[in-house]
Amino acid sequence: MLFIVLFFESIIFPTIVALGMRGLGKYSKRGSGFIVAGVSGGAVVPPLLFVAADSRGAVNIATGYSPTAFAMVVPLIFFVAAWSYTFCVNFVPAYRNIADSFHETKVGIVNVDPELQGYGAKDGSPLQGEAVHQDEKKF
């Protein structure tokens, strides 16, 4: 069952990245790095699962004791941690306000008023226009 869950969970990774990156602004590079590093859970959880199962002893078929059943707590902890993020983004204002903020950026050639910008050309003529990048926050 765990393999089936993880298989179908893998196809939602692009959605996780898109929603996780939303609202990060200037921290988008660092945030995307953390999200991509989060994939390492697939390499970390199975060895942790083995260590947890191995620490509980051997299988006893007569009594039905299975240390692997107890060790399934390890992936459960990671699933609860992932669920807590989605819970916080939906219900905790400190998370929700950052994730739901929108920013509009206008990039292009804008005519500049020569009296406000001064003279910029070497021959003393006023600048007719220059490329500008304007950020406007909209909440």
Side-chain angles (χ1 to χ4, degrees):
M1 209 49 208
L2 182 63
F3 287 118
I4 293 171
V5 168
L6 293 176
F7 173 77
F8 286 106
E9 185 182 79
S10 68
I11 62 175
I12 63 168
F13 186 70
T15 305
I16 292 169
V17 171
L19 292 175
M21 296 280 300
R22 185 171 165 197
L24 291 180
K26 69 179 183 177
Y27 301 109
S28 62
K29 288 182 181 180
R30 182 174 292 169
S32 65
F34 286 135
I35 292 170
V36 171
V39 177
S40 65
V44 173
V45 173
L48 290 176
L49 183 81
F50 171 75
V51 169
D54 201 32
S55 70
R56 299 295 289 185
V59 175
N60 188 343
I61 297 174
T63 62
Y65 176 73
S66 173
T68 306
F70 171 79
M72 294 306 275
V73 169
V74 172
L76 177 67
I77 291 169
F78 283 89
F79 282 121
V80 168
W83 174 81
S84 68
Y85 175 75
T86 60
F87 178 82
C88 289
V89 166
N90 285 297
F91 298 110
V92 177
Y95 284 86
R96 185 180 61 229
N97 294 342
I98 292 171
D100 286 341
S101 64
F102 289 99
H103 304 283
E104 184 176 310
T105 303
K106 295 180 182 177
V107 179
I109 305 296
V110 177
N111 286 332
V112 179
D113 186 5
E115 293 178 10
L116 296 176
Q117 293 296 319
Y119 293 92
K122 290 183 180 180
D123 62 355
S125 63
L127 293 172
Q128 296 300 317
E130 68 181 48
V132 294
H133 301 276
Q134 299 173 346
D135 289 331
E136 295 179 12
K137 281 190 172 181
K138 291 189 176 186
F139 296 99

- Any chance you could measure Phe79, atom CZ, to Ser84, atom OG, to the nearest 0.5 Å? 13.5 Å
- Task: Please round to the nearest 0.5 Å and tell me the distance separating atom OG of Ser55 and atom CZ of Phe50.
- Result: 10.0 Å
- Task: Tell me whether Phe87 is reachable from Val80 by hopping between hydrophobic residues (I, L, V, M, F, W, Y) whose side-chain heavy atoms are closer than 4.5 Å.
- Result: no
- Item | Connected via hydrophobic side-chain network under 4.5 Å: Val74 and Val44 | yes
Atom of [X], atom of [Y] and distance for their closest heavy-atom approach:
X     : Y     : value
Arg56 : Tyr65 : O-OH, 2.8 Å
Pro67 : Gly57 : CG-O, 3.3 Å
Ala53 : Ala71 : N-CB, 3.5 Å
Ser32 : Met21 : CB-SD, 3.3 Å

- Has Tyr27 got more than 12 heavy atoms of other residues, nucleotides or ligands less than 6.0 Å from its OH? no
- Query: Should we count CD1 of Ile61 as having more than 12 external heavy atoms under 6.0 Å?
  - Reply: no
